[in-house]
Amino acid sequence: MAADRPTGPFNQLARFNEEGARQVYASNVDTALLVMGLDGDYNPRRLERYLGLAASAGVAPVVVLSKADLCADTADRVAELERRLRPAPPILALNGNDPSCREALAPWLGEGQTLVLLGSSGAGKSTLSNVLLGEAIQTVGDVRNDDSRGRHTTTARTLLPCPGGACIIDTPGVRGLQAPLDERALAGSFTDIVELADRCQFRDCRHLEEPGCAVRAGVDADRLRNYHKLLRETRRLEQSPLQRQQQRREWKARNKAARRR
């Protein structure tokens, strides 16, 4: 079932754009439909970024694997994500052109509910929107054959009322997502790492090369690498300008020392 709606600015989905400015996707949202195509768009690392974005806003995520009709190993992809993601959100594999999508998403389409569709260009957000709306309101475009990317057919956020009383917000696709995470929100979408960290041999284990690391032994290696990457990004975002300058000086000194060696 859909989560209770948080109140205040906490319930605001946002990201940082290429210029470093905070860009709001939507506010007062109950559910984020994280749409990822089962074609060249399939990318668990990017999905983990979107899950972190939802966690930072206190919005309940639902993973929608679109284009299930074009994928020969749909069940394997679903099982892969169910094993990898902790906590595991609801994961639905759907054909965005099939009206049965409305039934599959019915638990989150109740009267008064607001949903936002997030995903890359060409993932099938607008196609899914049209099926949920019951008519072709959103323009749908083709994707490139080489990488399954779309052509930014949707260029603005649109609030659309669904039959039954729910509202959906269709958003433009993004190629790069930098979510305004903090370490608490990041921990909320990587609870497996947080829980296993208590079993590490050393209390200050960084889960890199330390012996007796329970996290490295129990977490998918690619997921752990993505966690470290997101953690570095998160800490950079939390730094003051003075701290960033100091860190750049340290990096330059280390590089100079390495070149001398």
Side-chain angles (χ1 to χ4, degrees), residues 1-6 11 13 25-39 41-44 46-55 57-71 74-75 77-82 84-85 87-140 143 148 150 153-154 157-174 189:
M1 296 299 290
D4 292 337
R5 184 196 301 261
N11 182 231
L13 290 156
Y25 278 116
S27 300
N28 299 318
V29 175
D30 297 287
T31 306
L33 298 184
L34 308 180
V35 184
M36 183 170 68
L38 286 170
D39 52 9
D41 183 57
Y42 183 80
N43 188 325
R46 187 177 64 244
L47 177 60
E48 285 168 342
R49 283 182 175 270
Y50 278 105
L51 288 168
L53 174 66
V59 174
V62 175
V63 175
V64 176
L65 299 177
S66 61
K67 308 179 187 180
D69 54 314
L70 304 179
C71 181
T74 297
R77 292 289 177 88
V78 172
E80 176 189 1
L81 294 179
E82 288 177 341
R84 173 170 176 143
L85 305 177
I91 302 173
L92 306 176
L94 304 175
N95 172 4
N97 291 303
D98 193 326
S100 64
C101 291
R102 290 196 294 270
E103 182 178 351
L105 290 168
W108 300 277
L109 290 171
E111 184 175 0
Q113 295 294 301
T114 301
L115 303 85
V116 61
L117 281 74
L118 301 174
S120 57
S121 297
K125 300 186 299 299
S126 295
T127 299
L128 181 61
S129 294
N130 287 337
V131 169
L132 297 180
L133 295 169
E135 55 182 315
I137 293 179
Q138 294 293 84
T139 303
V140 176
V143 299
S148 303
T153 305
T154 301
R157 294 180 293 277
T158 309
L159 179 66
L160 304 164
C162 291
C167 289
I168 60 174
I169 303 172
D170 193 3
T171 64
V174 294
S189 56

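Separation of atoms CG (Asn43) and OH (Tyr50) is listed at 10.0 Å; rounding is to 0.5 Å. In this structure, Leu132 CG and Cys162 SG are separated by 5.5 Å, a value rounded to the nearest 0.5 Å. In this structure, CG in Leu118 is found 11.0 Å from CG in Leu47, a value given to the nearest 0.5 Å. Taken to the nearest 0.5 Å, the CG atom of Asp69 stands 10.5 Å off from the CG atom of Leu94. The CG atom of Asn95 sits 13.0 Å away from atom CG of Leu65, with the distance rounded to the nearest 0.5 Å. Leu53 contributes atom CG, which lies 14.0 Å from atom CD of Glu48 (distance to the nearest 0.5 angstrom).
Taking 4.5 Å as the limit, some side-chain heavy atom of Leu128 sits within range of a side-chain heavy atom of Leu117. Annotation: side chain of Lys67 is not in contact with side chain of Tyr42 (no heavy-atom distance under 4.5 Å). Using a 4.5 Å heavy-atom threshold, the side chains of Cys167 and Gln113 count as separate. Counting heavy atoms from C-beta on, the side chains of Asn28 and Thr114 never come closer than 4.5 Å. The shortest distance between side-chain heavy atoms of Asp98 and Val131 does not fall below 4.5 Å.
In this view, Arg102 satisfies the salt bridge (Lys or Arg N to Asp or Glu O under 4.0 Å) rule with no residue, not counting sequence neighbours. For Glu82, the side chain to side chain donor-acceptor pair (under 3.5 Å) test picks out no residue, with sequence neighbours left out.
Residues Val29 and Val59 share a closest heavy-atom pair of O-CG2, 3.8 Å. Closest of all the heavy-atom pairs between Ala93 and Ala68 is C-CB, 4.0 Å. Listed here is the closest heavy atom pair of Ser66 and Gly37: OG-CA, 3.3 Å. What you find for Thr171 and Lys125 is that their closest heavy atoms are O-CE, 3.0 Å. Gly110 and Ala166 get closest at one heavy-atom pair: O-CB, 3.5 Å. When all heavy atoms of Val116 and Ala26 are compared, the closest pair comes out as CG2-CB, 4.3 Å.
Of the candidates Leu109, Val62, Ile169, Leu109 is the only one forming a side-chain contact (heavy atoms from CB on, under 4.5 Å) with Leu115.
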Inset, instruction - Quick one: do Leu105 and Leu33 satisfy side-chain contact (heavy atoms from CB on, under 4.5 Å)? Show the steps, please. - result: CA-CA 10 Å; Leu105 290 168; Leu33 298 184; 4.1 Å; yes
Inset, instruction - Quick one: do Leu38 and Leu70 satisfy side-chain contact (heavy atoms from CB on, under 4.5 Å)? Show the steps, please. - result: CA-CA 7 Å; Leu38 286 170; Leu70 304 179; over 6 Å; no
Inset, instruction - Could you go through the side-chain contact (heavy atoms from CB on, under 4.5 Å) check for Leu133 and Ile168 one step at a time? - result: CA-CA 9 Å; Leu133 295 169; Ile168 60 174; 4.1 Å; yes
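For Arg46 and Asp41, the salt-bridge test passes: some basic side-chain N is under 4.0 Å from an acidic carboxylate O.
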